[in-house]
Amino acid sequence: MISIAAPEFDLRLTLTSGQVFHWEPDGDAWRGLIGNTAMRVKQRGAELLVPRGCGDLAARYFALDHPLTAIYATFPEDAFSRAALAACRGLRVMRQPRWECLATFLTSAMKQVSHIRGMSLALRTRFGEPVAGSTMNAYPTPGALAEATEAELRGCGLGFRAPHLRETARRIAGGEIDLDALAMRETEELRTELCRLPGVGRKIANCVLLFAYERLDAVPVDVWIARVTRALAPRGGDASLAELETFSRERFGPYAGYVQQYLFHHARVSKTLPAS
DNA sequence: ACCCAGGGGCAAG
DNA sequence: CTTGCCCATGGG
């Protein structure tokens, strides 16, 4: 293990905030994969202990370069947002592998976090390649999922999401869509391209923009964020999802995705909403 | 038994 | 351009 600097970072909060679904606690450390690299990571104060040779990889994955102080300066002043910031200080919006992020959020539709974890693990176990030094397999490639049958995917608990994942995997494996090449597109254009994929609508596209394409202003509006922002927005009681997204982007500013992530996690963990 | 989950697609208004 | 309904599955 080596040590890297990780000021203003909370590993546990970051890994349990509903961004990634394959990390598991191992004593006072965490075990998981960054792409195809096995990792055991442990926080010790303002430093992070990672396997030798994995410092740069981990620093990038955990976004240790994000300017949290500047980001916090943009947070709204209302009581609930302040409480979320106080409760989630050190939570970072990670940089995830694009395909893995797209596929896991595609399976997330109308599922609780624990279910998403279960599907991710089942897909890895059934269709992923083994990784040296890990008992967990890598996330399955687009090709591996494109070749799976719908029944096999349903066997992993995917339900009605199975044909969506299969067809999206097929398009990517076949080269109709290049997730890496899309990285240089502007956000609006990139979102439009992602929304063309079956099973990917506005909310899931925004998750992928935020968690895999560094678009920190993207706001995924799920049921939790809808509840929070309906309470936060003036006359938000009957606002549509589109209106809530517009409200969030305008109210929360250039790091709206960061704000949203703090509100999401705080609301979920505390089981509270803004007083309206 | 009943409810809900980090939604999306499609038809109908 | 909006709204209503269905789509599987599992845990509380």
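Naming convention: chains lettered A, B, ... in sequence-line order (proteins, then strands); numbering from 1 in each chain.
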**OP:** Rounded to the nearest angstrom, tell me the gap between atom CZ in R230(A) and atom C1' in dG6(B).
**Re:** 15 Å
Subject >> Whole angstrom value for the distance that separates P of dG7(B) from CD1 of I225(A) >> reply: 11 Å
Original post:
Are W224(A) and the base of dG6(B) stacked, counting only ring centres nearer than 5.5 Å and planes tilted under 30°?
Top reply: no
Original post:
Is R82(A) positioned over the aromatic face of F75(A), cation under 6.0 angstrom from the ring centre and no more than 45 degrees off axis?
Top reply: no
**OP:** Say whether Y258(A) and H66(A), considering side chains only, have a donor N or O and an acceptor N or O under 3.5 Å apart.
**Re:** yes
Subject >> Polar contact flag, side-chain donor to acceptor under 3.5 angstrom, Q260(A)-N206(A) >> reply: no
Subject >> I34(A) vs V41(A) side-chain heavy atoms within contact, under 4.5 Å >> reply: no
Original post:
Less than 4.5 Å apart, any side-chain heavy atom of R268(A) and any of Q112(A)?
Top reply: no
Heavy atoms only, 4.0 Å cut-off, all strands: where does [X] land among base, sugar-phosphate and nothing?
X: Q260(A); result: base
X: L197(A); result: sugar-phosphate
X: G18(A); result: base
X: S17(A); result: base

**OP:** Quick one: closest heavy-atom pair of T16(A) and R12(A), and the distance?
**Re:** OG1-O, 2.8 Å
Original post:
Minimum heavy-atom separation for M136(A) to L33(A), with atom names?
Top reply: O-CD1, 3.8 Å
**OP:** Please work out which of the three classes, parallel, tilted or perpendicular, describes the rings of F62(A) and W23(A), given edges at 30° and 60°.
**Re:** tilted
Original post:
dC5(C) and dC3(B): how far apart are their P atoms, nearest whole angstrom?
Top reply: 16 Å
Subject >> Distance, P atom - from dG6(B) to dG4(C), rounded to whole angstrom >> reply: 23 Å
**OP:** Please determine if R166(A) and E152(A) form a salt bridge, counting it only when a charged side-chain N lies under 4.0 Å from a carboxylate O.
**Re:** no
**OP:** Represent DNA chain C in dot-bracket notation, 5' to 3'. Only Watson-Crick or G-U wobble pairs with both distances under 3.5 Å count; pseudoknot-style crossings use [ ] and interstrand partners use |.
**Re:** |||||||.||||
**OP:** Let me have a per-nucleotide readout for nucleotides 5-12 of chain C, 5' to 3', with B, S or -, counting only protein heavy atoms under 4.0 Å.
**Re:** --BBBBS-
